[in-house]
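For reference, the structure is listed below as structure tokens.
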Amino acid sequence: MRNVTLKTVKEVAGIRAASQLAADTLCKVGEMLRAGITTEDINRFVHEDTVRRGAIPAPLNYHGFPKSVCTSVNDVVCHGIPGPYVLKNGDIINVDVTTIFEGFFGDTSATFFIGDVSDEARHVTEVSRKSLDLAIGVVKEGARLGDIGAAIQEYAEGQGCSVVRQFVGHGIGRTFHEEPQVPHYGKRGTGLRLKAGMVFTIEPMINLGTYGVRVLADKWTAVTEDGKLSAQFEHTIVVTKTGCEVLTKRPRPLVGSEVFAG
Ligand code: MF3
Ligand code: CO
Ligand code: CO
């Protein structure tokens with residue numbers, strides 16, 4: 001944790017600008033989602049919406065990732081690769097948008113419903129969204145990383161879900177992934193003490209079954225070991241003395257297939 005930097009006001013402004021572009025693109029994705037489109041259609045939209053504003057889609061070529069956005073359907077936990085898959089009624093899909101603008105990164109995602117989804121799908125999605133809200137609620141200078149993990153884990157497990165261990169939130173700024181790592185599980189009163197100016201993501205991956213994950217032969221797609229559903233929401237935040245600012249706050253409520261305002 002020695003490499004956790006405190007961002008200057010100027011740097012935060014840069015990350016905020018990138019984050020707001022990512023949030024706007026994600027809102028527009030919500031408006032285009034429907035049964036019958038492919039995940040490649042989402043990729044093409046995100047790519048074009050990003051570059052037309054002079055920004056860069058961070059996933060493209062990141063450690064060899066082949067597309068401009070991650071699209072994770074049903075039992076895919078994260079890092080799903082867009083392609084020919086046709087969205088169908090009842091699917092849930094996480095779309096994870098990361099935008100680079102003037103050298104700064106902003107990272108945000110949401111899980112959306114395609115048409116009418118099962119009660120189980122609604123449950124795991126709602127638990128993921130609410131666990132992110134609860135985690136954001138405990139962030140302020142002097143709080144600890146373990147407080148964030150505990151807030152998510154206690155709530156999600158209390159709702160009969162599990163918290164993925166294998167992927168964590170992360171510091172972000174002029175690079176995509178930097179210190180600190182932000183686990184979505186843990187114990188209150190432990191871990192790094194937060195300071196105003198730290199910028200990181202919180203992005204709980206919540207499973208309906210067990211937390212085990214495996215990565216497919218494409219080296220990216222992470223799926224639940226038990227084949228059950230997984231959902232995720234992500235925001236980029238900056239710690240302040242009294243709380244935090246959500247840099248990827250939606251410019252307008254998410255609409256389309258997703259029922260939640262968060
Ligand atoms: N956006 C993801 C995150 O929240 C990272 C995606 S890496 C990629 O950290 F290469 F798959 F795009
Ligand atoms: Co992230
Ligand atoms: Co992300």
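One-based numbering, in listed order, for ligands and for the atoms of each. All residue numbers refer to positions in the sequence shown, counting from 1.
- Under a 4.0 Å heavy-atom criterion, Thr201 is not in contact with ligand 1.
- In summary, the side chains of Tyr62 and His177 do present a donor paired with an acceptor at a separation below 3.5 Å, with no hydrogens or angles considered.
- The pair Glu31-Lys28 fails the salt-bridge criterion, with no side-chain N (NZ, NE, NH1 or NH2) lying under 4.0 Å from an Asp/Glu carboxylate O.
- Heavy-atom contacts from other residues, nucleotides or ligands closer than 6.0 Å to OH of Tyr211 number 12 or fewer.
- In His63, neither the side chain nor the backbone holds a heavy atom less than 4.0 Å from any atom of ligand 1.
- The NZ atom of Lys10 lies 14.5 Å from the CD1 atom of Ile15; values are rounded to the nearest 0.5 Å.
- For ligand 1, the polar-atom distance check against Tyr62 finds no nitrogen or oxygen pair separated by under 3.5 Å.
- Every atom of ligand 1 with a heavy atom of His177 under 4.0 Å away is listed here by number and element: 3 (C), 5 (C), 9 (O).
- With respect to the salt-bridge test (charged N to carboxylate O, under 4.0 angstrom), the residues Glu178 and Lys7 qualify.
- At least one heavy atom of Phe176 sits closer than 4.0 Å to an atom of ligand 1.
- Of the charged side-chain nitrogens involved, at least one lies within less than 4.0 Å of a carboxylate oxygen, so that Glu141 and Lys241 count as a salt-bridged pair.
- Residue His170 has at least one N or O atom closer than 3.5 Å to an N or O atom of ligand 1.
- Residue Asp96 is tested with Thr111, Asp107, Thr108 for a side chain to side chain contact (heavy atoms under 4.5 Å, CB included); the sole match is Asp107.
- Interface of Pro59 with ligand 1, defined as ligand atoms under 4.0 Å from a residue heavy atom, comprises 12 (F).
- Among all protein heavy atoms, the one lying closest to atom 4 (O) of ligand 1 is Glu203 OE1, 2.8 Å.
- In this structure, a donor-acceptor pair under 3.5 Å is absent between the side chains of Thr99 and Arg53.
- Judged by the 6.0 Å and 45° rule, Arg174 forms no cation-pi pair with Phe105.
- In the hydrophobic cluster analysis, where Ile, Leu, Val, Met, Phe, Trp and Tyr join through side-chain heavy atoms closer than 4.5 angstrom, Ile114 is grouped together with Ile37.
- Interface atoms of ligand 1 facing Thr98, defined by a heavy-atom separation under 4.0 Å, are 1 (N).
- Between Thr108, Asp96, Ile81, it is Asp96 that holds the heavy atom closest to atom 2 (C) of ligand 1.
- Using a non-hydrogen distance threshold of 4.0 Å, Lys67 does not register as a contact of ligand 1.
- Here the side chain of His170 pairs a donor or acceptor atom with the backbone of Phe176 at under 3.5 angstrom.
- Using a 4.0 Å cut-off between a side-chain N of Lys or Arg and a carboxylate O of Asp or Glu, Arg44 and Asp41 qualify as a salt bridge.
- The proximity of Cys70 to ligand 1, defined as any non-hydrogen pair under 4.0 Å, is limited to the side chain.
- Close contacts of ligand 1 with Glu234, meaning ligand atoms under 4.0 Å from a residue heavy atom, involve 4 (O).
- Atoms of ligand 1 lying under 4.0 Å from at least one heavy atom of Asp107, given by number and element, are 1 (N), 3 (C), 4 (O), 9 (O).
- Between the side chains of His184 and Glu203, no donor-acceptor pair of N or O atoms lies under 3.5 Å.
- Side chain of Ser162 to main chain of Gly209: a donor-acceptor pair is present (N/O by atom type, distance under 3.5 Å, no hydrogens or angles).
- Counting atoms of ligand 1 from 1 in the listed order, those under 4.0 Å from a heavy atom of Phe65 are 8 (C), 10 (F), 11 (F), 12 (F).
- Within the sub-2.8 Å shell of the Co ion (ligand 2), the protein contributes these N/O/S atoms: Asp107 OD2, His170 NE2, Glu203 OE2, Glu234 OE2.
- Where the criterion is an N or O separation shorter than 3.5 Å, residue side chain and backbone included, Trp220 fails it with respect to ligand 1.
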